[in-house]
Every structure is written in structure tokens, then in C-alpha cells.
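These numbers were taken from a predicted model, which means no experiment stands behind them.
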Amino acid sequence: MIHVPDFARRRLLAGGSLMPLALLGAGLVAPVAASAQQTAALPADGAQPAPAEDVVVTGSLLRRTNTETPSPVTVLTADGLEKGGITNISDAIRSVSADSAGSIATGFQNGFSAGGSAVSLRGLGVSSTLTLIDGLRSANFPLSDDGHNAYTDLNSVPFSTLERIEVLKDGASSSYGADAIGGVVNLITRQHFTGIDGNVEGGVSEHGDAARYRANLTAGYGDFASKGWNFYVNGEYQRDTPVFAKDRAFPYNTYDLSSIGGLDQNTQDSSLVVATTNAVVVRTTQSDLNNPLSGGLGAPLTSAYTSLNLNCPNGTFSVTTGAAQGTGCKHDNAYEFNQIAPKQERYSVSGRLSVRLGDNIDAYVTGSYSHNDVIIDSTGATSNPSGTTGSRPIRNTQPFGASPALASSNPGIVLPVYVCSAGVNCSTAGDRRLNPNNPYAAAFANDPGNGAARIYYLFGDIPFGSERKYDVLRGTAGVHGSFGDGFDFRVDAVAVETKLTLIQHGWPNIAGLLKAINTGSYNFVNPSLNSEAVRQQVTPDITTPSYSSLYSLDASISKKVAQLPGGALQVLIGGQIRREQLTNNNQNANLATYGLTTSSAFGKHTVSAAFFEIQAPILDQLEVNASGRYDHYSEGFSHFSPKIGFKFTPIRELAIRGTFAKGFRAPNFAENNPASSFAGFSTVTPPCSFVLAHGGTGTLSSCSPGTNPYAQAYSVGQALSGNPNLKPEKSRSFTGGVIFQPMPWLSLTVDYYNIRKTDVIVTAPLLADARAAYFAGTAPPAGYSFNTIDGPDPLFPNAQPRILIINGPYVNGASVTTSGIDFAATAKIPLAPGIRFTSRIEVTDILQYNFQSSPGAAIQRYVGTMGPYELSSGAGTPKWRGNWQNTLDFTWFSLSATAYYVSHIKNVAAAEIAPVGGSIDLSCANNLYKTANTNNFCYIKSFINVDVNASFKVNDRFNFYINVMNAFGAHAPIAPSSYSGTNYLPSWHYAGIIGRSFALGANFKF
């Protein structure tokens, strides 16, 4: 036990004690993590420290006797995570304050890799953070974020075998190779285990949803220390139930914010030309009676629109003026169909055999299989301004790359006057009959070319979403030991195979839809009467398998070559060879389906590397570490990554440390293989000149699109293919900090970081300029072209049509600079025999995060804003993130409060603003959410939530615990410009949308 002087003990136990302040104030003060910043434990009262076991710390390949290296490392211990109520790796790592823009939360369901989860250290993107398992790489998730950002899915790694997680917040390409620019996450599993250890847990939110059930069991035999071998096996299971927007209160279940001064972006209760589950038609012409896609151009033949079914649970609305008049059913698709969290089911089995081959040689073999099933059920919600979620409407643009003649949106798909069993030449067929779905059929039986019904409809009777079955098979083997005169060696091999089976539901098949219309088999009047066979004809399930694999062999040898004044001089040399392969198949290769992506990525390469490391304790007070690595890729490029670091300890209570490193990120298969293609979309708000031309109101500086869906925010595609001439991204980083331990029970660290990336690979960096050029009627930038233009607006056919797809390149040339300060502190205070108070705090302040698309271009400043808007999935870059955990431990009971803090975010994004005079105006005048008063909703408020854990020890073999997550019921701040959540940001405020939740669990050990 650490000694605390009497005066300090008296002060702590006095009426002004820090204990109740820390426990109760966790919900009132800037928050913090369920993570522990590990610091050197200096001996008290001049006592000699106990002999320390050699360890290897992430960021170094050499063994050492203390865990404080020149690089900053955050350690998440199993105990700390348990006290924070964290039960999966994704939540654990994403709680670290260094996680920033570009992080992927499981609650984000609209992206290319929806259902996956990844961390973005320093906000540099998931592809610039390297994830290791026991120091070894794993295969990437087969689907890349945004089509080209590769990462390891955190949801696929078993949680219950973890001993700790080490997060290196520094560049480490000199040790591990590519991708370790923002930092490294090392998931360290148990090496040995004997006995039986298990856990069961169940929980639910205060709303009765978001239930979580989990259980795990570990059984091991063989005392490695005495018998020379150990074997254990682990099984784990978890199931999470879904959460839907309709089960949450305003404003998280609608896009109509007019009641609080925002926009009414729910046009399903006021416009007859917006798709809902109650079909609406209007009479128009049909030039080809065999083709429902040949409806009349321009405005329909009448302004009188007809609802096919006025069975309206939410009431009706009527429009008596304008080009689209009639009565329709009120809907709010966001309320009816949006999903907040997917259903998930995970299970895994893993094992490890460790054997001592000799006095100085150990060997091991591990194997694991994990299965993760994510079900995204979005059977509606086309009201989302991004247009990326919800049941599919009958009106769609053509598949990406297909002829505009296949578009069902313009001039607009129609229902013919006659239908027949063959669906061909029905107007003259012997079995022809009037179309029961077309209310104009009888009146125009003798003039079918003028009696077609243009239809607006959402397939609400057909479940829409996806099921993502992800299987990972991983095995490792290695031999570690020593020989001769002080030589240490390591040989490790890893093999990983993954398979992702993506099953898509509810996407309209073009041929099946047209046939169902021409035969009259699909009932648009009463969709509930449709058979499953008809529904499968219109929207057949689409199954797409994708694969990734990694095989790697690492070997190193080290030796203490000399004795320096501060200790042994160690030198390590090693090498690695690995083979990586990716097959990310096109989900819509034959262009047969409306709305489904055509992105794909393929490739394989071999990477060979040689590396070294030198650890030199030059003096008792000064340690220097130098390392370097040379990587060669079979595509033909190479890179050398050096790093040097130091730690200077002038006095026992203070250490000063710093590093300088260069690193790189290799172009991935989606970026550099010409066989790969990327079809991306981003949400665009048309300029006011366009909005006004399409019936909107206001001025050229402030406008509203009204109820015309053509003038609303919509998705613009960008077409890219792999560029084999890309170069690796390069980085330069340095850190500097201090470790301060003024008292044996208190330690603090402060570290500054600065990272600059050059030759950054970007997708069409001038896309915004190209869009602006289109709307202005000018030529696009060099290397860009206008691929596909929409058909005319049915309500304003003579106005400028929308741009749908812009061609653009992958290019090097952008640069990113980010810097900030990490602060961490740990206090471990014994209050009385058997009573200890522990407080841990971790805070990151981002000082700058600047992006420049090319030399001389305007600098985009992201700190404290919604930028980088697309990389971050509309989540932005909060300036401050922090977490604070306070624990009171008794012999039989512990109580913990963990608070998390995210600072406010300004609702502007530099990438979405055209530079003026070489600079970008980040004032509220460029608010992403454009109301008449641009100061409204200009800031997304800061967010604090607190989790509480109470654990009761029954005996040495059994304890149970209670978790209350978001204990004070904090609500997510309103973020109306978010396209990843309904008026909230899943990356930062997910706890505020789930609400207060409870879990009860038990641990047992024999």
C-alpha cells in the first residue's frame, strides 16, 4: 500500500473531501474516459522498487523494465473498462479522447461499410490508424469506408479474451509499416489462463429497447510456470436489439423542425409529388405503350393528382393551388421507418496453447473464429435529405453507369391503361384488361397514349435494409526465446481469412418492376394484398460475397551489445513478409437494380520489409530510442520510415519525452487498382439561383425550396477508378511531453503532438468547384466532367436540370496538418485500510486540423466545425474531447462514475464553402442548415454523459454488478445538418439518443 501522509489523509477525509466531489461532480464537470494513462510508479520514501518483469510496450519491439516510453501510450485495462460499463472493443477504443473525425460508430448505418466500426486517431481517418492483435496485423474489412478507406473492423474481435488495450498516440511506421500515421491500437489478449472464468449480462434502455444480452466463458488448464504448458479456450456471445426513430421523442424522429425555428424538411405531409406508402398518380402521356419508362416529358396533362388509397391513419392534407393539386395522406417517413441502431448478433470461439520448448524458448499457437451479424432495417425514411436510407421509391435515377433512359424519375415511370398476362403489346392483346391501378384507364380506353398515370410511391410493404454476415478465421503461431550470449529472438506467423456476405433487401429490380407494372401483378391500390412472390419479383434479395485475407511472417533478433551508464544498449533487427488480398465485389454489376451501388475493389500484393531498433540508456537520466523500417510493395513503390525518441528524467518526479518520426500510408486496392471503381455520393444543397428557378421562395442569399422535391437537398454521385500512378501518402510527426509524479499517489502527463501528411490521396478534391461550375453554367475544373444530368423537373420543365454524376480523379497532392495537446492524470489514494479512491482523467484539445486540397489552394480549417464533412460522415471535429473516471473501492464493493465530454461544434464545413479571395468564411452566414436566420442552429451544443457502475463482491469466486449508462439522461444535442443520424451525431452523441439504460451482470471464477 502506498503511504499517504497524515495531513493529506485528514484533508481528504474532511468535509471538503475530494471523494464526494469527484463521485458526484462527475456529472457536472468536463468528462472523461474509462481508460487509464499508465505512468511510472516511483517508489515512496526512498524504498527500492521491486524487481520488474520485462515487457514490450506498443511502439517499441524491444523489452524494457518500465512502461513509460518516449511515445505517449494510453492503456485501457480490463478492470477500468469493467468499471466503465464497457463491454465491447469498439466502445472501449472510441472512448479514448484521441479518437476524432472519421471514426466509424456502429450506429452509423448509411455508409459503404455500415455495420462496421473503426477508430480514427488524431482525426486522420480510419486508414491512418493501424489496429494490431498481440502486435500482429489482421485483415481489413472487405468493404472500405467511403469506398476506399481500409480498416480492421473492431466488432469482429472477441472482447472477453482481452487483457488490456494499448493505444499508441504517435506515428509508428518505423516499427509496424504502413498506416500507423495517426497511431496504433494494440489489442493484447491473455497469454495464459487456468481455471474457469465467466460472465453473463443483460440490459435494456429506459424506453424498453436497445437490449443487450451477453455471455462469455473461458476455461484453461496447465500451470505454465510449473508445468511448462497451458491451454485455454474461450467462447463469447452477444446480442443487441434494434432501436427505431419512432421510439424516440422529437426532434430525433422527424425532419420537421419548424416548431423550434428550423425548416420543415418533411414534405410527405404537404406535397403530392413526394413518395409515401400511399400511391399518388397524375395523368400524362406514354409514348411507348410497352415501356412504363416512356411517360410524357414536362408537366402532366392536368394539375389534378389522385391518391389511389385514402386510408390515412395520420389524416389527410389538401393542396388547392399550384401545379400539383389534390388530397393525400399525411406521412412522416423518418418517424415511420428510420432506424437508430441495428440489430446485432456476435459469437466467437478462440483458444491458445502455450508450450515451453526449453529453458529459454517458448512457443504458442492460437486460433479464433468470430461471426458478426448486423441487420439494418430501414423500411422507409426517404425523407432523409441525404436520400441514402429508407425503403426505395418507385422513382429513381438510373443505376450508376447505366443509360439515363433507364431512369424512372424523369420523365417519370407510368402505369399504362391496359395490362395483360404477357406484359407486352397489352393494348392489343387478347387477354387485355383495364389496369386496376390506373384510375384514368376507363376514360381513356380508346386513347391509351393519353391515359397513362405517372406514379409517386414508396414500397412500404417490402422490407428494406441489409444483413451483413461477417466471418473471420484467424490463426497465429510463434516461437520466442533466447540463445547464446544474450541473444533474444521472435518468430511470429499470422493467417487471416474473412468473408462478408451482404444480403440486400428491398432494392427494385428494373426488369421485375416493369413486368409487374405491365402485367398488373403488383397492387398499388392496396399493397398489403401483394403476395411474397410478387414482392420478390419486384425487389428480389441480392446476395454479394466479398473476401479479404492476410498472411504474414515476422522475425526479429535482438541483443544487449554493450553496457552504458544508464543500462544495457539493445539492438534489434528483423524482417517481415506479408501477402494481402481483397475481393470486394460489385453489388450491381449488371446494372439491373435501381439505387444499388456499383463500387468494387480488387487487388493483391506482397509486402517485404526490414527494420531495426536501438534502445540506448545513455545515462541514468537519459534514454534514446531510434528505429527505422524499409517497406517494399510488389506494385513497385517503396518507403523508408525513421523514428527517434528520447526520455530525460532530471529528477525522480519528472520526466521529459519527445519523438520525431516519418511514416506513410500505402495506396490501397480501391485507390490504385484500375479494376476497382468507386461510385460515391454526397449530399448537396442546390444554390438559391437553382432553388428559385424551381419554385422556391426567398432571395439569392437566403431561400427555401418549399414543397418541390426537385429543389430539395439531394445526392450527387462522383465516379472514380483506381489510379496506378498514385504515390504513398507521407507523414512527418513529432511529440513532446512531460511525465510528472509529485506524490507517490498522483501522476500527470502532458503531451503535444504535431502531424503533417503530404501527398494525401483524395477523391475529386475539386468536386465542390465542379458542382458550382455546373450550377453557374461554366466549364468544370481540369480532370473533371459532367457525367449524367437529370431529366427535367416535372413542375418546372424549362428550368436547369440537376447534375447527377460528376467524373473526378483520385489524386495525390493534398496536405493535412493537425496538432493538439493530450492531458492525463491518475490519482490512487488509500483512504483507510481496505478503502481506496482512484481518479483518472484524459483530455485532448485539438489546436489545429487544416486541409489543403492542393498547393496554393485555400486552407480548410476543421477544428470545432463539421469539417471534414464527408470524411467524418457529417460528424465534424470537436475541439475538446475528454473522459473522467472516479472509483471508490472497498474490500467487497466498488462504485465508479465515468463521465464523457464532447465540446460544441459549429455547424459549418470548410469543404462545403467556396473560397472568396483565397480564404474560406466560417461564419454563421455559411451555416450548413440554411434557415432565414443563419444564426439559428449555427452551433451544436456540447455534450456530457455519465455512466455509473456498482460492483458487489460476494466471495473470491463470485461478484455481480449494476451499470447505469447515461445515468443523468442527457439528451443528444440537436444537429440538423447531420446525414448520419436524425438530427443528432452518432459518432459523439449516441448515448444521448439511446437514453438512460441499465444492465445487470455477474462474474464467476473457479
Looking at R122 and S100, would you say the former's side chain and the latter's main chain have a donor-acceptor pair under 3.5 Å? no
Could you go through V494 and S138, starting from their C-alpha distance and side-chain angles, then the distance that decides it, and tell me whether this counts as side chain to side chain contact (heavy atoms under 4.5 Å, CB included)? CA-CA 8 Å; V494 58; S138 195; over 6 Å; no
I993 CD1 to N966 CG distance, which is reported to the nearest 0.5 Å: 11.0 Å
Assign the ring pair Y939 / H904 to parallel, tilted or perpendicular, where the plane angle (0 to 90°) is split at 30° and 60°. perpendicular
Closest heavy-atom pair and its distance - P142, L500: CG-CB, 3.9 Å
Closer than 4.0 angstrom, basic N to acidic O: yes or no for K828 and D889? no
Can you confirm whether N338 sits close enough to I340 that some side-chain heavy atom of one is under 4.5 Å from a side-chain heavy atom of the other? no
Minimum heavy-atom distance F159-I86, with the two atoms named: CZ-O, 3.6 Å
Residues T366 and T476: side-chain donor-acceptor under 3.5 angstrom: yes
Would you please test N234 and T161 for side-chain hydrogen bond (donor to acceptor under 3.5 Å, both in side chains) and show each step? CA-CA 7 Å; N234 169 271; T161 61; 5.3 Å; no
Where does the angle between the aromatic ring planes of Y369 and Y347 fall among parallel (under 30°), tilted (30 to 60°) and perpendicular (over 60°)? tilted
Is there a donor-acceptor pair closer than 3.5 Å between any side-chain N or O of T498 and the backbone N or O of S548? yes
Which heavy-atom pair separates A972 from Y984 by the least distance, and what is that distance? CB-CB, 4.0 Å
Side-chain contact test, heavy atoms from C-beta onward, threshold under 4.5 Å: evaluate it for L895 versus V948 and give yes or no. yes
Test applied, side-chain hydrogen bond (donor to acceptor under 3.5 Å, both in side chains); reference residue, T887; option that passes from S894, S839, S896: S896
Just by distance, do the side chain of W880 and the backbone of Y901 share a donor-acceptor pair under 3.5 Å? no
Go through the steps for R474 and I133 under the test side chain to side chain contact (heavy atoms under 4.5 Å, CB included), then give the verdict. CA-CA 10 Å; R474 188 175 193 271; I133 302 174; 3.7 Å; yes
CG/N199 to NZ/K1005 distance, rounded to the nearest 0.5 angstrom? 12.5 Å
Intermediate values then yes/no, salt bridge (charged side-chain N to carboxylate O under 4.0 Å, His left out), D99 and R881: CA-CA 9 Å; D99 180 40; R881 278 198 74 201; 3.8 Å; yes
Heavy-atom donor-acceptor pair, D179 side chain to R665 backbone, under 3.5 Å: no
Kindly indicate, with the supporting measurements, whether the criterion side-chain hydrogen bond (donor to acceptor under 3.5 Å, both in side chains) is fulfilled by T189 and R352. CA-CA 10 Å; T189 63; R352 179 183 175 108; 4.9 Å; no
Candidate list V167, V184, V185, test side-chain contact (heavy atoms from CB on, under 4.5 Å), partner T129, passing option: V185
Compute the centroid of each ring, for F958 and then for F1004, and state whether the two points are separated by less than 6.0 Å. no
How many angstroms lie between atom CG of D197 and atom CG of N216, to the nearest 0.5 angstrom? 7.0 Å
Anything under 30° is parallel, anything over 60° is perpendicular, the rest tilted; go ahead and classify F952 against F960. parallel
For residues 977-1000, which residue pairs pass the salt bridge (Lys or Arg N to Asp or Glu O under 4.0 Å) check, not counting sequence neighbours? E206-R996
Report the C-alpha separation of T898 and D947 in whole Å, then their side-chain angles, then the decisive distance to 0.1 Å, and conclude whether the side-chain hydrogen bond (donor to acceptor under 3.5 Å, both in side chains) test is met. CA-CA 5 Å; T898 306; D947 299 338; over 6 Å; no
Is it true that a side-chain atom of S903 and a backbone atom of K879 form a donor plus acceptor pair closer than 3.5 Å? yes
L985 versus M866: any side-chain heavy-atom pair under 4.5 Å? yes
Has the side chain of S120 got a donor or acceptor atom that lies under 3.5 Å from a matching backbone atom of G125? yes
Is a side-chain donor or acceptor of S370 paired with a backbone partner of S156 at a separation under 3.5 angstrom? yes
Are I503 and K469 packed together at the side-chain level, in the sense that at least one heavy-atom pair is separated by less than 4.5 angstrom? yes
Apply side chain to side chain contact (heavy atoms under 4.5 Å, CB included) to residues V472 and V496 and explain how you reach the verdict. CA-CA 7 Å; V472 179; V496 188; 4.0 Å; yes
Point-to-point distance, once rounded to the nearest 0.5 Å, from CG of N959 to OG of S951: 4.0 Å
Could you report the tightest heavy-atom contact between I905 and W988, atom names first, then the distance? CD1-CD1, 3.9 Å
Would R346 and S348 count as a side-chain hydrogen bond (donor to acceptor under 3.5 Å, both in side chains) here? Give the steps. CA-CA 7 Å; R346 307 173 195 163; S348 65; over 6 Å; no
Less than 4.5 Å apart, side chain to side chain, heavy atoms only: is that true for H207 and V243? no
Check: R214 side chain, D240 main-chain N or O, donor-acceptor pair, under 3.5 Å: no
Spacing of CZ belonging to R137 relative to CG belonging to L130, to within rounding of 0.5 Å: 4.5 Å
Between N886 and F837, is there a side-chain heavy-atom distance shorter than 4.5 Å? yes
Using atom types as modelled and distance alone, determine if a side-chain donor or acceptor of E166 lies under 3.5 Å from a backbone N or O of N186. no
Check whether any side-chain heavy atom of L217 sits under 4.5 Å from a side-chain heavy atom of I196, and report yes or no. yes
Please lay out, stage by stage, how D471 and L473 fare under the test side chain to side chain contact (heavy atoms under 4.5 Å, CB included). CA-CA 7 Å; D471 298 284; L473 186 64; over 6 Å; no
Evaluate the salt bridge (charged side-chain N to carboxylate O under 4.0 Å, His left out) criterion for residues R840 and E842: first the C-alpha distance (whole Å), next the side-chain angles of each, then the deciding distance (0.1 Å), finally the verdict. CA-CA 7 Å; R840 299 184 177 102; E842 181 191 45; over 6 Å; no
How close do A118 and Y151 get, heavy atom to heavy atom, and via which atoms? CB-CD1, 3.3 Å
Flag this pair as yes if the NZ/CZ of R190 is under 6.0 angstrom from the six-membered ring centre of F193 and inside a 45 degree cone about the axis; otherwise no. yes
Does the T877 side chain pair with the main chain of G867, one donor and one acceptor, at a distance under 3.5 Å? yes
Can you measure from OG (S160) to CG (N88) and round to the nearest 0.5 angstrom? 12.0 Å
Identify the two heavy atoms, one from N963 and one from G85, that lie closest to each other, and give their separation to 0.1 Å. ND2-CA, 3.6 Å
Are side-chain heavy atoms of L847 and I821 found at a separation under 4.5 Å? yes
